[in-house]
Protein chains: 2
Amino acid sequence: MPDTASLSISESRTYSISELAREFGITPRALRFYEDKDMLHPARDGMTRVYSHRDRARVTIIVRMKRLGLPLADIREILDLYGLGDNERAQKRKTLEKFRNQVREFESQREDIEVALVELRKGIEWLEDDLAKIGPSDDHADSVAAYDAVARKQLDDA
Amino acid sequence: MPDTASLSISESRTYSISELAREFGITPRALRFYEDKDMLHPARDGMTRVYSHRDRARVTIIVRMKRLGLPLADIREILDLYGLGDNERAQKRKTLEKFRNQVREFESQREDIEVALVELRKGIEWLEDDLAKIGPSDDHADSVAAYDAVARKQLDDA
DNA sequence: ATGCCAGTTGACGTTTGCGTAAAGGGAATA
DNA sequence: TATTCCCTTTACGCAAACGTCAACTGGCAT
C-alpha cells in the first residue's frame, strides 16, 4: 500500500508537551489541564506524555475553538463526536443537530463581528480625520461636536 | 433650531433599570454591575437609576461587544474613548492604535469562524451522507473508515 | 556523584461576570 | 392600613480556565 508510505514520514512523529505548548502558544499546564478534562489522551513513556500526530490535530481543534469563545465542555463534546465513529443513528442525529446549531451560532457571531468592524472603522475614520486637521485647534467645542456625531450614529442604528 | 425638535421626540425619553434589562435580555443586576465597573453612569431620581437615551446607546455597545467575547475591561476602555472628546493628540493616537488592533483581532476571529464553519459543514455533510445510506449496515469497518476520513482531513490542513 | 533541565502530580490562588439572597425604602393600589 | 411592586445596597457564592507554587522523579553531561 503506497498510502502507508505517504503517512509514515510526517504522521509517525511524536511531540513532547513543551514542544506542543510552544507550537500553539499555550503553556504545558494548559495541555495537562485539557487532559485532565478528558480532551486529550496522549500516550506515556513511563511518566512523560507522548503526543501523537493525532493528538496534535486535537490540540489544533481545541485552540481554534477556544479562540472562537467555545467553553471547553463544548469543545470536548465536539472532540468526542469526532472520535466516536461507532455511533448509532440516534446519536448521529443528535450530533447532526449540534453541528447545525453551532453553524447557526457561528453565523450570527460572524454577523456581530461585521457590525463591530463597521463601528470600529467609523471610529477610526473619525479619529484619522480629526488627527489630520493640521492645527491642533485644541478646541473644546470641536471635541464636543465630534462626540455628539459619534454618539448620534450609535443612537441611530441602535 | 429645528434640530432640537427632531431630537426631543425620541431622545428625551428615559428608562428604568428593568426596562433596559428586558430590552437587552439581561438582568438589572448586570446593569448595576456595569455601573459598578464604571461603564455606565445613569442619573438618579432620589435613589433610583434613570437611564438616558445616551446611556441606552452605551448598553447597546456593551451587549454587542460582550457577544463578541470582549472582556468588560476592554469594553470599558472603548466606551471611555468614545466619551472622552477632550483628548489630546497623544491620547487620540493611542485610541486609534487600539481601534486598529481590535479590527485586526476581529478580522482574524472572523477567519477562524470561516474555517470552523467549513469544518462543521464538512462534518454535517458526512453525517448526512452517512444517515442517507438507507440500510443501517451497522458495520464496524464503516465507522472506522469514516473516522479515519475525518481525522485525515483534520490532519491535512492542520 | 552532582547538578541541571524537563517532566510529573496535587493543591491552592486568581480573574471574570455575574447569581442569589438578605434587608429594606417609596409609591401605588386594594 | 396592608399588600404589592419596583427599586436600592451590601455581601457572599460560583464556574471556568488556567497560573503558580511545592515537592519529586528521572535522564545525561561533566
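So that the names make sense, note that chain A is the first sequence line, chain B the second, and so on, each numbered from 1.
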| query | Can you name the residues that form a side chain to side chain donor-acceptor pair (under 3.5 Å) with A:Glu105, not counting sequence neighbours? | reply | none
| request: Round to the nearest Å and state the distance from A:Asp38 atom CG to D:dA16 atom C1'. | output: 17 Å
| Would you say D:dC6 has OP1 or OP2 under 4.0 Å from some side-chain N or O of B:Ser16? | no
| request: Using salt bridge (charged side-chain N to carboxylate O under 4.0 Å, His left out) as the criterion, list what pairs up with B:Glu111, not counting sequence neighbours. | output: none
| A:Thr27: what forms a side chain to side chain contact (heavy atoms under 4.5 Å, CB included) with it, not counting sequence neighbours? | A:Arg29, A:Ala30
Side chains of residues 71-79 of chain A: which donor-acceptor pairs under 3.5 Å do they make with residues two or more places apart or in other chains?
unit_1, atom_1, unit_2, atom_2, d
A:Arg76, NE, A:Asp80, OD2, 3.1
A:Glu77, OE1, A:Lys98, NZ, 2.4

| field | Residues forming a side chain to side chain contact (heavy atoms under 4.5 Å, CB included) with B:Lys94, sequence neighbours excluded | value | B:Gln91
| remark: In whole angstroms, the gap separating C1' of D:dC18 from CE of A:Met39 amounts to 13 Å
| request: Applying side chain to side chain contact (heavy atoms under 4.5 Å, CB included), name anything that partners A:Arg100, two or more places apart in sequence or on another chain. | output: A:Leu96, A:Glu97, A:Arg104, B:Ile124, B:Glu128
| Which residues satisfy the salt bridge (charged side-chain N to carboxylate O under 4.0 Å, His left out) test with B:Glu125, sequence neighbours excluded? | none
| Along nucleotides 8-21 of chain C, 5' to 3', which nucleotides get a B, which get an S, and which get a -, given that the test is a protein heavy-atom distance under 4.0 Å? | BB-B-----BBBB-
| Could you give the CG-to-P distance, from A:Leu31 to C:dA6, as a whole number of Å? | 16 Å
| query | Distance-only, no hydrogens or angles: does the A:Asp55 side chain make a donor-acceptor pair with backbone N or O of A:Ser52 under 3.5 Å? | reply | yes
| Rounded distance (Å) that lies between atom C1' of D:dC6 and atom CG of B:Asp45 | 13 Å
Taking only nitrogen or oxygen atoms into account, show me every contact under 3.5 Å that the protein makes with nucleotides 26-29 of chain C, one pair per line with its distance.
none

| task | Nearest whole angstrom, please: distance from the P of D:dA17 to the CG of A:Asp36. | result | 13 Å
